[in-house]
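Report on the following structure.
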Number of protein chains: 2
Amino acid sequence: MDLKERQPELPESNLSLAERLFLTLRGEIVEGRIPAGSKVSEPELARRFNASRGSLREALMRLESLGLLERRVNVGARVVDLTERGLLELYDVREALEGMACRLAALERTDEDLKALRKMLARHEQQEELQAGRAYFQPEGDFDFHFRIVQASGNDLLIDTLCNRLYYRVRMYRYQLGMASPRAKRAFNEHSHIIEAIEAGDGELAEILMRRHIRASRQNIEKKLR
Amino acid sequence: MDLKERQPELPESNLSLAERLFLTLRGEIVEGRIPAGSKVSEPELARRFNASRGSLREALMRLESLGLLERRVNVGARVVDLTERGLLELYDVREALEGMACRLAALERTDEDLKALRKMLARHEQQEELQAGRAYFQPEGDFDFHFRIVQASGNDLLIDTLCNRLYYRVRMYRYQLGMASPRAKRAFNEHSHIIEAIEAGDGELAEILMRRHIRASRQNIEKKLR
DNA sequence: GATCATTAGATTGTCGACAATCCTGACGTT
DNA sequence: AACGTCAGGATTGTCGACAATCTAATGATC
């Protein structure tokens, strides 16, 4: 146990303590500072953050509903472990949901959505040229892309399911299995075509392209795993 | 406030009190005994069930993560209200997820899955003949159908998202907007073709048929709503 | 030596109380 | 009459303590 950093800094207030604990722990789990598969002790964390067990339990329960923790009665909580199967399952669900999001985005997008998407694409192109093949900043860029399209779908349930639930698991896999895709150039082209379809208002095409994009990414991972 | 039924019966133990409260309240919200859009008071419910506020809060938080409750800090919890928009959003998400589930079920189904699906279909046909057009028991039958196909997909994330999250909202709309579909005969035929595609191992067709099935149901609702 | 019961320690579940915040309605001012 | 201010009451957030349960190590029995 670390002595000089006795009371870790939490995001400053205006939010409830339980929520700040939730945000902090979510970050630590996603980035692997709390290792996947490890047991999580309520009293230990409570002491570490100088909080009561009640507030901490609330944070843990939110993490459970995010699918980052598994709790069993009278036993406690464990961080989920990262399995090949879980990663592939995640891709299938994303293919379905983001495909639909992309279809809806093509039909419902506002002019501001379009402007933002074009701007983002230009920024990514610029970065991509600068780094010539090195997929360095790409993961975050890729995240931007998917995130914004989902937002443009206008379907609140879809947005919540993807952005507030699944994406944290995606991030967890990316951080800890460290998969900076070497598909930078190709991914950029795919992104570009998807945005074209959205601009054209062609929902059907937009969905097909997005699903292919995600499936290609999945196959890339599958190849790497064997 | 009701006096003769002072302490409502909860599902008998072996589960934690918080979990029993959660299950009970979930039922009351889904069936509308706690009206959609109404405020939920922690002390009031705690008195009603002779439980502490802590246990009750845990139940409320689980309901929030199910999307049946909305909580705001320092204000409290409200039951979500049922809107036309929310219902349509639900259909779009289901179309995406159940389409994928159906595709996976066609590829991953075991022999036991197939046997169970055929058995279920036969039972529904029998009921349907008995009631000749009256879509009486249909809603539950329809639920069976979708539920079992999702289970057969073998994708735990998909199963959890649909069966432990979205379906309670679906039930809530069904109960409270009371939509016994008059599509009984047609729905049965669609179910039948979907199962055929799953038996044939044709994932692509199975997905297309399931998506059409759900979209047809959505359009039926849309027509009814105007 | 292996298996099973037992006990000690720790962890989780549950509770009631106190502090901080919000909503309601009354009061006073413009 | 409309608006802003300010208690009073109630509700939510947070806390520490006790009871129920599980885990692990010890010792007893076959």
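In what follows, chains carry the letters A, B, and so on, assigned in the order in which the sequence lines appear, proteins first and then strands, with residues in each chain numbered from 1. No experiment lies behind these values; they were computed from the predicted model shown.
Of the residues near DNA chain D, A:Asn74 and A:Ser52, the one whose nearest nucleotide (by heavy atom distance) lies more toward the 5' end is A:Ser52.
Below 30°, between 30° and 60°, or above 60°: for B:His213 and B:His146 the angle between ring planes is below 30°, a parallel geometry.
Across D:dG13, C:dT12, D:dT11, the shortest atom-to-atom separation from the side chain of B:Pro43 is found for D:dT11. Side-chain atoms of A:Ser16 lie closest to D:dG13 of the nucleotides D:dT11, C:dT14, D:dG13. Comparing D:dG13, D:dT14, C:dT14 by their closest approach to the side chain of A:Ser55 singles out D:dT14. You'll find that the side chain of B:Val75 is closest to C:dC22, out of D:dT14, C:dC22, C:dT14. For B:Lys39, counting side-chain heavy atoms from C-beta on, the closest listed nucleotide (C:dG13, D:dT11, D:dC15) is D:dT11.
Computed from coordinates, the A:Glu42 CD to C:dA10 C1' distance equals 12 Å when rounded to whole Å. As a whole-Å value, the separation of A:Glu19 CD from D:dT12 C1' is 14 Å. Distance A:Leu17 CG to D:dG16 P: 11 Å, rounded to the nearest Å. Atom CD of A:Glu58 and atom P of D:dT14 are 7 Å apart (whole Å). The distance between atom CG of A:Leu69 and atom P of C:dT12, rounded to the nearest whole Å, is 12 Å. A straight line from CD of A:Glu44 to P of C:dT11 spans 9 Å, rounded to a whole angstrom. One interatomic measurement links the two molecules: CD of A:Glu70 to P of C:dT12, which rounds to 15 Å at whole-angstrom precision. For the pair B:Leu21 CG and C:dC15 P, the interatomic distance rounds to 9 Å; values are reported in whole Å.
Separation of atoms CG (B:Asp160) and CG (B:Asn155) is listed at 10.0 Å; rounding is to 0.5 Å.
At C:dG13, one or more side-chain N or O atoms of A:Arg71 fall inside 4.0 Å of OP1 or OP2 (strictly under the cut-off). Between A:Arg53 and C:dT12 there is no side-chain N or O to OP1 or OP2 distance below 4.0 Å. Applying the 4.0 Å criterion to OP1 and OP2 of C:dT12, one finds that A:Arg57 has every side-chain N and O outside that range.
When atom types are taken as modelled, the side chain of B:Thr161 and the backbone of B:Leu157 share a donor-acceptor pair closer than 3.5 angstrom.
Here B:Arg48 pairs with B:Glu28 in a salt bridge; the nearest charged N to carboxylate O distance falls below 4.0 Å. Using a 4.0 Å cut-off between charged nitrogen and carboxylate oxygen, B:Arg78 and B:Glu70 do not count as a salt-bridge pair.
Among the heavy atoms of the strands, none lies under 4.0 Å from B:Gly54.
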